[in-house]
Enquirer: 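Dumping the structure here so I can ask a few things about it.
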Amino acid sequence: MNTFQDLLTRKLAEALAAASLPQAGAVTPATDPRFGDYQTNAALVLAKQLGENPRALAQRILDAYDRWDLCEPPTIAGAGFINFTLRPEIIAARTAELLRDARLGVAPAESPRRIVVDFGSPNVAKPMHVGHIRSTVLGDALARIAIFLGHDVIRDNHLGDWGTQFGMVIYGWKNLLDRAALDRGAIAELVRIYKETNEKVAADPKVREAVREELVKLQAGDPENLSIWKETVDLSLKEFEDAYQVLDIHYDIQRGESFYNDRLPAVVERLLNSKIAEISEGAVCVFFRDIPELAEKPAIIRKSDGGFNYATTDVATVDYRIQDLKANTVWLVVGAPQILHFKQIIAIARREGYTADLRHITFGSILGEDRKLMKTRSGENVPLRDLLDEAVQRARKIIEEKNPDLSEPEKIDIAQKVGIGAVKYYDLSQYRMTDYIFSWDRMLSFQGNTAPYLQNAYVRIRSIFRKAGQEFTAPAQIALGAPEEKTLALRLCQFAEVVPTVLNDFRPNVLANYLFELANSFHAFYEACPVLKSEEPARGSRLALCELTARVLAKGLDLLGIKVPEKM
RNA sequence: GUCCCCGUAGUUCAACGGAUAGAACGGAGGUUUCCUAAACCUUAGAUGCGGGUUCGAUUCCCGCCGGGGACACCA
């Protein structure tokens with residue numbers, strides 16, 4: 001199914017050819033209803049190229065072509081824009097088509113890719129905290145959208161399950177562990193023994209030495225230390241899984257750093273053999289002397305003490321994803337502080353001859369009301385589970401005030417969907433690069449660009465169908481009489497235009513924005529056009545608009561990882 | 001010091017180089033014998049500063065100012 005944008009773009013191409021002009025410009029949705037539904041700047045672009053008057057060129061295009069079919073005769077406006085107003089019956093016909101299309105008009109990608117999405121990636125033996133929200137929620141949404149567009153997606157949790165901190169953890173496990181506490185809350189106890197060990201290390205050189213030895217033994221494959229390590233990993237994963245359950249996030253694979261351990265020597269060997277790496281100050285380094293930005297900044301892939309580091313692991317990870325998983329695209333949804341690191345990793349991949357599309361997708365921070373990184377009163381990271389629980393509790397309280405008659409199971413279900421949805425949507429509705437200030441009141445508000453507002457629009461539609469007491473059946477025809485109906489219908493048709501653009505620059509906020517505008521258009525329609533009280537054929541037609549709005553809202557929110565309740 | 005990101009109404013956020021910079025919250029005013037007023041309508045209010053490229057700049061380039069981050073063996 002082609003979008004109006006596609007169809008008009010094709011018409012424009014024909015018109016330019018008919019006018020003996022080169023292809024130029026683009027068709028975009030109109031920036032203002034006064035300019036119709038779509039517009040093109042083709043004449044402006046050509047005017048620049050050819051050094052001619054833009055309005056005259058626009059006229060020439062319109063004179064040369066009159067088979068626009070789906071819209072009224074285009075008009076010229078402003079500096080030389082050509083404006084298109086779609087014919088209502090065309091929008092109506094398209095809307096009817098969408099009702100029969102499970103994909104809601106969204107075309108599958110022309111060349112599907114195999115995409116590894118690396119997101120979340122918490123560290124073992126440490127609690128997940130607010131800092132993990134953005135990567136987790138953003139990565140999951142991008143994965144969902146890519147899947148819907150027909151890509152072959154592998155979600156990978158690149159756990160921080162290896163590294164120097166395990167010297168501390170193992171020492172603490174052997175000397176300080178409280179088994180009962182571990183049963184009550186594994187990560188809390190692991191954090192406690194880590195911290196206590198850390199204090200002892202600072203005070204006592206003998207402990208420092210003992211910790212170092214535990215790490216060496218682990219790395220050498222000592223069975224006892226390996227089994228302790230394994231247990232801490234398993235315990236941590238169980239707690240992570242609990243959070244993922246609440247968030248409705250699921251991974252296809254979870255290849256932590258440890259997975260790559262036995263591949264590291266070969267990576268260094270290979271890079272040395274191919275002269276990509278060299279030895280400098282006793283370490284094996286990759287220099288990027290031809291890349292000005294990286295000229296002074298080598299990547300160290302083997303430390304002078306012979307140990308490997310995270311650059312080594314990440315090079316091995318790129319190998320694995322391209323060679324073993326056969327990915328041609330990798331999205332690394334990792335915070336902005338690691339920009340330099342991933343520039344180096346991607347530059348190494350290029351030198352190795354990999355042509356896969358490797359993207360580091362960065363994002364800003366979550367700030368507290370004080371505009372500093374969000375922390376608890378005592379200056380600690382806010383645990384993710386506490387935050388999610390609070391979201392659900394707060395949602396529950398609001399629902400109880402607004403709609404006390406709901407049954408207990410309904411309240412539980414709604415609080416979950418509204419609370420978690422609010423947290424996710426608040427994150428996804430903002431441009432990923434900007435820092436944002438965390439605010440319960442804003443994200444749980446039923447007004448404005450929030451999940452509850454969108455969920456409420458959906459719920460209102462469901463309520464109409466409950467009241468109608470009938471299942472939806474598609475009407476023979478859709479008629480768009482009122483302007484609110486036309487606006488809503490056009491908006492519904494544009495879902496198919498919006499979804500693919502999200503992946504252009506990895507901006508789910510574009511989709512969020514669209515859904516908000518859709519809900520706005522729906523509410524305007526809802527105010528102006530009675531549904532159940534209207535006469536046929538308007539009634540059936542309006543029910544169809546309601547149904548389609550509900551489907552698009554639900555699907556759009558689903559692509560963001562957000563669920564919709566039937567009541568709220 | 002070098003490099004990267006960000007700077008838009010009082011506040012929180014939008015805007016593939018396009019038309020008179022959009023919303024929301026908060027402020028002011030209004031709408032309900034009617035499908036969830038959890039809504040809708042009206043209204044005032046902003047591109048950090050200075051140059052440049054362009055028919056056109058919030059967007060691209062240069063220089064300042066302000067905030068954050070990264071820069072050889074932590075991840």
Side-chain angles (χ1 to χ4, degrees), chain A residues 26 28 30-32 34-35 39 41 44-45 47-48 53-55 77-81 83 121 123 160 162-165 257 280-285 292-305 307-311 313-314 335-341 343 362-365 367 371-373 398-399 401-403 426 429-431 433-437 439 441-443 445-450 452-453 455-457 459-468 501 504-505 509-510 512-513 516-517 519-520 522-524 526-534 542-543 546 567-568:
Chain A
T28 55
T31 52
D32 189 295
R34 286 184 327 242
F35 304 139
Q39 63 184 46
N41 61 349
L44 293 159
V45 174
K48 184 180 214 160
N53 180 292
R55 286 190 70 106
F81 290 94
N83 293 334
S121 307
N123 288 321
W162 197 256
T164 49
Q165 78 270 26
E257 290 166 347
S280 167
E281 296 174 31
V284 178
C285 301
E293 229 180 302
L294 301 177
E296 306 277 313
K297 313 193 189 302
I300 293 171
I301 55 168
R302 195 178 68 200
K303 301 188 285 181
S304 52
D305 68 2
F308 304 108
N309 62 7
Y310 76 129
T313 307
D314 280 352
Q338 296 197 40
I339 285 178
L340 176 62
H341 168 69
K343 273 188 182 157
T362 62
F363 46 83
S365 312
L367 309 180
R371 295 170 175 279
K372 296 192 172 146
L373 279 183
I398 296 168
I399 291 155
E401 281 167 19
K402 306 279 190 189
N403 202 345
Y426 191 68
S429 62
Q430 322 207 24
Y431 176 50
M433 288 309 297
T434 49
D435 297 345
Y436 70 82
I437 295 173
S439 163
D441 290 343
R442 281 178 199 282
M443 74 181 70
S445 167
F446 286 76
Q447 298 164 329
N449 190 6
T450 66
Y453 174 83
Q455 288 167 324
N456 178 245
V459 162
R460 283 184 143 192
I461 297 169
R462 300 312 306 157
S463 173
I464 291 174
F465 281 103
R466 270 197 303 278
K467 202 138 280 185
T501 65
N504 289 348
D505 194 29
N509 67 306
V510 171
N513 233 312
F516 177 59
E517 284 170 2
N520 265 332
F522 172 74
H523 277 125
Y526 183 91
E527 291 290 322
C529 305
V531 177
L532 297 178
K533 295 195 172 71
S534 60
R542 286 174 181 174
L543 276 170
C546 288
K567 299 180 188 171
M568 65 193 283

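It should be emphasised that the depicted structure is a prediction, and the values quoted were computed from it without experimental measurement.
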Enquirer: Are OP1 or OP2 of U36(B) and a side-chain N or O of Lys467(A) less than 4.0 angstrom apart?
Expert: yes
Enquirer: Grab the CG-P distance between Asp505(A) and A14(B) for me, whole Å please.
Expert: 13 Å
Enquirer: Rounded to the nearest Å, what distance is computed from the CG atom of residue Leu367(A) to the C1' atom of nucleotide U11(B)?
Expert: 15 Å
Enquirer: Choosing from A38(B), G56(B), A39(B), which nucleotide comes nearest the side chain of Lys48(A)?
Expert: G56(B)
Enquirer: Can you classify the ring geometry of Phe522(A) versus Tyr526(A) as parallel (below 30°), tilted (30 to 60°) or perpendicular (above 60°)?
Expert: tilted
Enquirer: Please work out if Asn509(A) contacts a base, only the sugar-phosphate, or nothing of the nucleic acid, heavy-atom cut-off 4.0 Å.
Expert: sugar-phosphate
Enquirer: Please classify the nucleic acid contact of Thr28(A) as base, sugar-phosphate, or nothing, using heavy-atom distances under 4.0 Å.
Expert: base
Enquirer: Quick check on A14(B): is either OP1 or OP2 less than 4.0 Å from any side-chain nitrogen or oxygen of Thr434(A)?
Expert: yes
Enquirer: Describe the nucleic acid contact of Ile339(A) in one word from base, sugar-phosphate, nothing, applying a heavy-atom distance below 4.0 Å.
Expert: sugar-phosphate
Enquirer: Looking only at side-chain N and O atoms, does His523(A) come under 4.0 Å of OP1 or OP2 in A39(B)?
Expert: no
Enquirer: Reckon Lys533(A) touches a base, only the sugar-phosphate, or nothing at all at heavy-atom distances under 4.0 Å?
Expert: sugar-phosphate
Enquirer: In whole Å, what is the span from the CE atom of Met433(A) to the C1' atom of C13(B)?
Expert: 16 Å
Enquirer: Say you draw a straight line from CD1 of Ile301(A) to OG1 of Thr313(A); how long is it, rounded to the nearest 0.5 Å?
Expert: 11.0 Å
Enquirer: Polar pairs (N or O, both sides) under 3.5 Å between protein and nucleotides 18-24 of chain B?
Expert:
| unit_1 | atom_1 | unit_2 | atom_2 | d |
| --- | --- | --- | --- | --- |
| G18(B) | N7 | Asn41(A) | ND2 | 3.2 |
| A19(B) | N7 | Thr31(A) | OG1 | 3.4 |
| A19(B) | N7 | Gln39(A) | OE1 | 3.3 |
| A19(B) | N6 | Gln39(A) | OE1 | 2.9 |
| A19(B) | N6 | Asn83(A) | OD1 | 2.6 |
| A19(B) | N1 | Asn83(A) | ND2 | 3.3 |

Enquirer: Can you tell me how far CD of Gln39(A) sits from CG of Asp32(A), rounded to the nearest 0.5 angstrom?
Expert: 9.5 Å
Enquirer: For RNA chain B, produce a single dot-bracket line, 5' to 3'. Pairs: Watson-Crick or G-U wobble, both distances under 3.5 Å. Symbols: ( ) within strand, [ ] crossing, | other strand, . unpaired.
Expert: (((((((..((((....[...)))).(((((.......)))))....(((((..]....))))))))))))....
Enquirer: With the sugar-phosphate defined as primed atoms, P, OP1 and OP2, and the base as all remaining atoms, what B/S/- string results for nucleotides 68-73 of chain B, 5' to 3', for protein heavy atoms under 4.0 Å?
Expert: -SSBBB
Enquirer: The side chain of Glu527(A) lies closest to which of these nucleotides: C6(B), C40(B), U11(B)?
Expert: C40(B)
Enquirer: Using a 4.0 Å heavy-atom cut-off across all strands, classify Ser463(A) as base, sugar-phosphate, or nothing.
Expert: base
Enquirer: With a non-hydrogen cut-off below 4.0 angstrom, is Tyr453(A) in contact with a base, only sugar-phosphate, or nothing?
Expert: sugar-phosphate
